[in-house]
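Below you'll find the structure, written out as structure tokens, and then a few comments.
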Amino acid sequence: MTIPEPEHHDGTSDATPGGYDHNRRPGELGFAFFMLVASLGLLWNAYGISGFEALSSPGAIPMATTLVMSVSALIVVARTARQPLVAGETIAKDILPVVVIIFVCFLLAYAFLLKPLGFLPTSALFLIVAIKMLSKRSWSFTLTVALGSLLVIWLIFRIVFTVLMPAGIVPEAEFIQFFRNMFNGGN
């Protein structure tokens with residue numbers, strides 16, 4: 001396998017977990033510990049279903065599954081801890097850059113604003129900000145792509161598939177009824 005140069009890492013994925021055969025990347029050991037703790041927490045919750053009374057008890061399958069998860073996570077932690085840390089990489093630059101953190105915040109804001117504002121304004125705001133930030137193109141390009149994409153998404157999901165989306169501040173149902181009346185001759 002070709003080892004990527006840390007100074008010129010292009011961010012593409014490969015088949016080797018972590019990207020290196022015999023080194024660990026920054027944050028990899030911490031993530032492995034997190035997976036171990038999460039697996040042990042799930043094992044404890046599975047044990048809480050009915051304890052370990054019998055193989056036919058309601059908690060037997062969840063306990064067996066989470067036990068396998070916990071043992072696997074322990075093996076991953078042990079193997080990862082033995083590997084040397086790769087030189088020249090940092091979490092902030094190579095693993096979790098600022099743009100990723102910003103988009104996590106955008107997604108959290110989207111989740112919090114979806115119910116009070118509704119699908120259309122929240123999605124429009126998210127797409128406009130995201131496209132402007134990532135493309136670094138003109139406002140006309142950003143607004144055309146964002147609002148055009150939103151229109152296509154809304155038409156497909158709301159009109160074609162009749163998926164209900166949070167209405168919020170936009171009187172979406174009234175718009176739909178207006179166009180239905182217009183195309184049906186006011187019937």
Side-chain angles (χ1 to χ4, degrees), residues 1 11-86 89-92 94-127 130 149-150 152-170 172-173 176:
M1 179 185 118
T12 58
S13 180
D14 54 39
T16 304
Y20 297 97
D21 287 327
H22 303 291
N23 292 330
R24 68 180 150 96
R25 298 183 79 184
E28 198 169 348
L29 184 60
F31 184 74
F33 270 115
F34 170 76
M35 294 303 292
L36 176 61
V37 170
S39 297
L40 290 172
L42 289 172
L43 178 61
W44 180 255
N45 284 337
Y47 177 77
I49 292 173
S50 65
F52 187 67
E53 297 170 2
L55 289 176
S56 61
S57 67
I61 298 298
M63 279 187 2
T65 304
T66 55
L67 179 64
V68 169
M69 286 174 52
S70 299
V71 170
S72 299
L74 184 62
I75 292 169
V76 169
V77 166
R79 287 183 180 172
T80 304
R82 284 194 300 258
Q83 294 177 334
L85 188 62
V86 68
E89 282 191 351
T90 64
I91 289 178
D94 300 296
I95 309 300
L96 196 61
V98 173
V99 71
V100 173
I101 295 169
I102 290 171
F103 269 84
V104 167
C105 294
F106 283 172
L107 289 172
L108 289 172
Y110 184 89
F112 284 116
L113 293 175
L114 188 59
K115 189 168 184 175
L117 293 182
F119 175 76
L120 289 174
T122 306
S123 298
L125 181 64
F126 175 80
L127 287 171
S149 300
L150 182 58
V152 169
I153 291 167
W154 184 77
L155 286 172
I156 290 171
F157 286 97
R158 184 68 176 99
I159 304 301
V160 175
F161 295 125
T162 62
V163 174
L164 294 177
M165 299 176 188
I169 61 173
V170 176
E172 195 177 324
I176 293 171

Open item on the list: Could you walk me through whether Leu150 and Leu120 satisfy the side-chain contact (heavy atoms from CB on, under 4.5 Å) test, starting with their C-alpha distance in whole Å, then the side-chain angles of each, then the deciding distance to 0.1 Å, before giving a yes or no?
Closed with: CA-CA 8 Å; Leu150 182 58; Leu120 289 174; 4.2 Å; yes
TODO: Test Leu155 against Val160 for side-chain contact (heavy atoms from CB on, under 4.5 Å), laying out the working first.
DONE: CA-CA 6 Å; Leu155 286 172; Val160 175; 5.7 Å; no
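Nearest heavy atom pair, residue Ala32 against residue Thr80, reads CB-OG1, 4.4 Å. Nearest heavy-atom pair across Phe119 and Ile153 is CZ-CG2, 4.0 Å. The two residues Pro26 and Ile91 have their closest heavy-atom pair at CB-CG1, 3.5 Å. When all heavy atoms are compared, the tightest approach of Val170 to Pro121 is CG2-CD, 3.6 Å.
Take Arg158 and apply the side-chain hydrogen bond (donor to acceptor under 3.5 Å, both in side chains) test, not counting sequence neighbours, and it matches Glu172. Shown here are the ring pair (Phe, Tyr, Trp, His ring centres under 6.0 Å) partners of Phe103, two or more places apart in sequence or in another chain: Phe106.
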Distance-only donor-acceptor pairs under 3.5 Å for side chains of residues 61-69, two or more places apart:
unit_1: Thr65; atom_1: OG1; unit_2: Ile61; atom_2: O; d: 2.9
unit_1: Thr66; atom_1: OG1; unit_2: Pro62; atom_2: O; d: 2.8
unit_1: Thr66; atom_1: OG1; unit_2: Met63; atom_2: O; d: 3.3

Using residues 38-51 as the side-chain source, report each donor-acceptor pair under 3.5 Å to any protein atom, sequence neighbours left out, with the distance given to one decimal.
unit_1: Ser39; atom_1: OG; unit_2: Met35; atom_2: O; d: 2.8
unit_1: Ser50; atom_1: OG; unit_2: Gly59; atom_2: N; d: 3.2

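Under the side chain to side chain donor-acceptor pair (under 3.5 Å) criterion, no residue pair touches residues 95-106, with sequence neighbours excluded. Residues in residues 110-124 take part in these side chain to side chain donor-acceptor pair (under 3.5 Å) pairs, two or more places apart or across chains: Tyr110-Ser123.
In this structure, CG in Leu107 is found 4.5 Å from CZ in Phe126, a value given to the nearest 0.5 Å. In this structure, CD1 on Ile95 lies 8.0 Å from OG1 on Thr90, to the nearest 0.5 angstrom. Within the model, atoms CG of Leu74 and CZ of Arg79 stand 11.0 Å from one another, a figure rounded to the nearest 0.5 Å. We find the CG-CG distance between Leu125 and Leu127 to be 9.0 Å, quoted to the nearest 0.5 Å.
Of the possible donor and acceptor atoms, one in the side chain of Arg24 sits under 3.5 Å from a partner among the backbone N and O of Gln83.
The 12-atom threshold is exceeded at CG of Leu108, counting heavy atoms of other residues, nucleotides or ligands nearer than 6.0 Å.
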